[in-house]
Protein chains: 2
Amino acid sequence: MSAKVLPGGVDDIVTVAPEYSTDSGADPLWEGVEPEPARRLLVAGLGLFAAQGFHGTTTRDIAARAGMSPAALYVHYRTKEDLLFRISRIAHEAALAVIPPESSGAGDPAGRLRAAVAAFTAWHARHHTAARVAQYELAALEPAHFRAVAAVRLAIERIFRKMIERGVAVGKFEVSDTPATALAILSLAIDLARWYQPGSRHSPEELGDLYAGLALRMVRSGQ
Amino acid sequence: MSAKVLPGGVDDIVTVAPEYSTDSGADPLWEGVEPEPARRLLVAGLGLFAAQGFHGTTTRDIAARAGMSPAALYVHYRTKEDLLFRISRIAHEAALAVIPPESSGAGDPAGRLRAAVAAFTAWHARHHTAARVAQYELAALEPAHFRAVAAVRLAIERIFRKMIERGVAVGKFEVSDTPATALAILSLAIDLARWYQPGSRHSPEELGDLYAGLALRMVRSGQ
DNA sequence: GTCTATACGGAGATAGAC
DNA sequence: GTCTATCTCCGTATAGAC
């Protein structure tokens, strides 16, 4: 639970402890995972994958944390990798879904970028455990599963790039390199999965507002 | 070598492929690792840890890639974790060393921040393989080893925070939250370890300049 | 310092009873 | 659907010859 932090100011993050604090017992994110034992296994795997990585986690660990025997996992999932894939796909789709659609009223490029960055950032903080698995365990997915989540990742990337392109096109943003700036803004949010812990100084919403402000500065929008 | 990218524009990163391209055969970063077989093992481990993670890599993999028998590893390293620690420590210390010292002439806060971000970013792109292991395999370090690298991480974090504090103190920067802004700037560079590939559109130096510009905008410095 | 051979435990996954 | 028991292979690490 507690982050391993060196003696230092309370502001020192020291950027990720060996033990990783997990959340999400009854996260609505996993509501759709049925039946309940399957969900329990998934949430157990989620926490362990986030803390120790996919390869650092055994099926026995997962089953034990879910309060079941090792064999029970294979009733609900074909393989350990299949369990990872379910987590990764749900997380990716949820992260995509949280971005306000283009048609969401905000015709103003700055307003739209602000809303998107705030929402995407807050999601990554709130769901830092799921985000961590989604972002850092891609290499453990088998090829077909990787392709499925890569499609979602590409969609996210394009949405942010388009948002910046629009702002540039109408003269509201001023950037030297649109794709690179889009990636940089994504990096801000995604990197939360690496360092964010529930005990952090800011709530997910505060971080969303904060990073939205930084993103607007990056595209040199006064708003 | 080639990133697994979905059909799409050439700009699409799709953010990290299952196969991770490694670099560093004769990287000066590892010059100090002696004797030569120890270095070969270390570089082999580096590439595999970056691609598959520490737990996804076997000592047999490492030895084979170094052209040696599995037992040879234990002549040069106490354990597999010890090999990881050597990599992580060297990488952390090199990343710290690349940041221009406070006394480096640039009395101007904006100039100093620009130089630091450019150097730190370029380092993370150029040494993306080592950076990846350093950033994402911390949880595999045993406690004493973790503490050793955490001390370096803390030093880096403080340097960036101090730089921003100075600029704010003399009225050159305008930020709403100094520690959070420092972390955000670090995130830009660190996240390169996740997505950067040698085939990327920009050289490490170009990315350094680009991100330095973004960082200055984040602290609202015109320069 | 490097090898071959191997000890020993742990890993993913399955069989078959209840 | 869950369990206990187990198969089989693989992983880290060591022994001992050269």
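Just so we're on the same page: letters track the sequence lines, and every chain starts at 1.
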Legend entry - Evaluation steps, side-chain contact (heavy atoms from CB on, under 4.5 Å), between A:Val149 and A:His145: CA-CA 7 Å; A:Val149 301; A:His145 289 164; over 6 Å; no
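Exactly one residue among A:Ile87, A:Ile90, A:Leu46 makes a side-chain contact (heavy atoms from CB on, under 4.5 Å) with A:Leu29. That residue is A:Ile90.
In this structure, B:Phe160 has its ring center closer than 6.0 angstrom to the ring center of B:Phe120. Ring pair B:Phe85/B:Phe146: centre-to-centre distance not below 6.0 Å.
Evaluation of the ring-ring contact (aromatic ring centres under 6.0 Å, His included) rule for A:His76 yields no partner, not counting sequence neighbours. Shown here are the side chain to side chain donor-acceptor pair (under 3.5 Å) partners of B:Thr178, two or more places apart in sequence or in another chain: there are none.
Nucleic acid contact class of A:Pro37 (heavy atoms, under 4.0 Å, all strands): sugar-phosphate only.
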Inset, instruction - Summarise how protein sits on nucleotides 4-17 of chain D as a single string, 5' to 3': B when a protein heavy atom is under 4.0 Å from the base, S for sugar-phosphate-only contact, - for no contact. - result: B-B----BBBBB--
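Distance, B:Tyr77 OH to C:dT2 P: 12 Å, rounded to whole Å. The separation between A:Glu36 atom CD and D:dG1 atom P is 12 Å, rounded to whole Å. Note: CZ (B:Arg40) to C1' (C:dG1) measures 11 Å, nearest angstrom.
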